[in-house]
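Here is the structure we will look at, set down as structure tokens.
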Amino acid sequence: MALECINLEHVPASHTIHAALFQNIKNASFLHQQLLAGNTEFEYALIDASVIISRLHALAAIYRAVNDLLGNKLRSRNVHSEIVFSLSPNNNIAESFRRFGISPETTSLLVIKVSTPSSPAAGEDIQSHLSKVVDGEQVDFSDGVLRAMTDMVRVKKIYKLNYSSGVNGRGKENAVYGSDRTSQDSKELEMLILGSMALRGATN
Amino acid sequence: MEVDTSLSQSSSPVPLPLILQRPSVPAILIAQGAEALLFRSTYLLPSLPCALKYRPSKPYRHPTLDLRLTKHRILSEARVLTKCRREGVPVPGVYALDEGAGWMMIEWVDGEVVRIRLNEWLSRRAQEGVPQGVEDGKLVGLMRRIGSAVGRMHGVGVVHGDLTTSNLMLRPVPAEGVNGGGMLDGEIVLIDFGLASQSTQDEDRAVDLYVLERAFGSTHSKAESLFTEVLGAYEKSFKGANIVLKKLEEVRMRGRKRSMLG
């Protein structure tokens, strides 16, 4: 498995996204420490993959952070911390780092690096640095692999989605969303999460 | 005769929003109203279609006011949509928004608006010489689905503000039989919440129904007699619906606007 290079819709080609997913991380506390110390070698978004439900979920956060970067609207230190913050349904930055960022207990880790004109980063350099500093097994950044890592209970709690897809009591014949329940359910969950993320910070 | 070649190039008279000047699958202008432009675009991936609603700034408004109104409208629409979606009301989900830039990306809904499908169906039946009131099963079914979708929305505390058959879509249901089922089949999806608000007032709800009833009367008069089916399904869709129907009679007597006399 190698680093994946992604270009998002409506993002200038100069802002390339690099993503790598790891499992069985053994040095999470070391990596966490580098972030706390502000080590500039570690300019990554280090995301706890257990609270990511799909690629789209992660890409949505990246898109929002990059769009905010382009609009000069970053609320946190840089685009990488902003990616972690963009996963949050609320405006508490410290809380968003605790919930979505790497912690000493993290075992599955999603690493995102945004290459920008002011700080360009080449894929090979990122890959070789990650291979050196992350003690874990690099895996495919795919929906299937992510799903196996996801802590659904925690995700639903964070996004306050405890009643799955619009079950708010009052006998609901669920005629609204088709037949095929399970894949439909996780698509629906994803949609609700994207909505919460998009509305974060909406005041006025 | 002079032909302005630039006209065929630019799909819209106003400049494209900055967001659509960035690399992506080309956006297509699909609708233009007084307040907003609607594009078909893509979200995150070239393979994921989205609807992009853009509210251009109005040059005649004071810039500060203009920005405030735009922000407010984008956000309130997005809030209502996410609320509906969370509560299981069939509406497009919200993907992303930038209230300062005046745009919002929402889920792309396949299918067609009820106005078009219904008129096609009615005119086909007229051609076939089927008298009104015969073989109305499909139509009755559609009316009932409309009633329960609207009731569901009202039940969660949202009023639409502009309920017409152009703001109701019929999304094809994949499981449905051979060649996509009938013309009136599909799941009702409520769209365009640009004038929506959060309200549980019977008056507001009754006005929604009244506007919808008038829309049926004016654009599908042959289906108007079946509007009772909409109301019947509506009545069963949430607690308190019967009070709204009482209110509707009042609204019918006086029209959409409440009298401010006395």
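Chain letters run A, B, ... following the sequence lines, proteins first and then strands; every chain starts at 1.
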Given that the side chain runs from C-beta out, which part of Ile62(A) has a heavy atom under 4.5 Å from chain B: side chain, backbone, both or neither?
neither
Does Leu199(A) reach the side chain of Val94(B), with side-chain heavy atoms less than 4.5 Å apart?
no
Let me know if Ala13(A) has heavy atoms under 4.5 Å from chain B in its side chain, its backbone, both or neither.
backbone
Looking only at non-hydrogen atoms, find the nearest pair between Arg86(B) and Tyr159(A) and report the distance.
NH2-O, 3.3 Å
Once you round to the nearest 0.5 Å, how far does CG of Leu56(A) lie from OH of Tyr43(B)?
6.5 Å
Tell me, out of Gly93(B), Pro46(B), Ala96(B), Ala78(B), who's got the most heavy-atom pairs with chain A below 4.5 Å.
Pro46(B)
Interchain contact, Val25(B) with chain A, by part (heavy-atom threshold 4.5 Å)
both
I need the minimum non-hydrogen distance between Tyr95(B) and Ala198(A), along with the two atoms involved.
O-CB, 3.6 Å
Given 3.5 Å as the limit, does a donor-acceptor pair link the side chain of His10(A) with the main chain of Thr42(B), or not?
yes
Lys73(A) side chain near Asp98(B) side chain, heavy-atom distance below 4.5 Å:
yes
Of the listed Ile19(B), Leu20(B), Leu44(B), the one with the largest count of heavy-atom pairs under 4.5 Å with chain A is Leu44(B)
For the pair Glu9(A) and Arg22(B), find out whether any cationic side-chain nitrogen is under 4.0 Å from an anionic carboxylate oxygen.
no
Is any side-chain heavy atom of Leu18(B) less than 4.5 Å from a side-chain heavy atom of Leu70(A)?
no
Quick one, Thr82(B) and Leu192(A) - any side-chain contact, counting heavy atoms below 4.5 Å?
no
Heavy-atom contact with chain A under 4.5 Å, split by part of Leu48(B)
side chain
Roughly how far, to the nearest 0.5 Å, is CG of Leu97(B) from CZ of Arg200(A)?
10.5 Å
Identify which part of Met104(B) has an atom lying under 4.5 Å from any heavy atom of chain A, answering side chain, backbone, both or neither.
neither
Can you establish whether the number of heavy atoms outside Arg77(A) located under 6.0 Å from its atom CZ is more than 12?
no
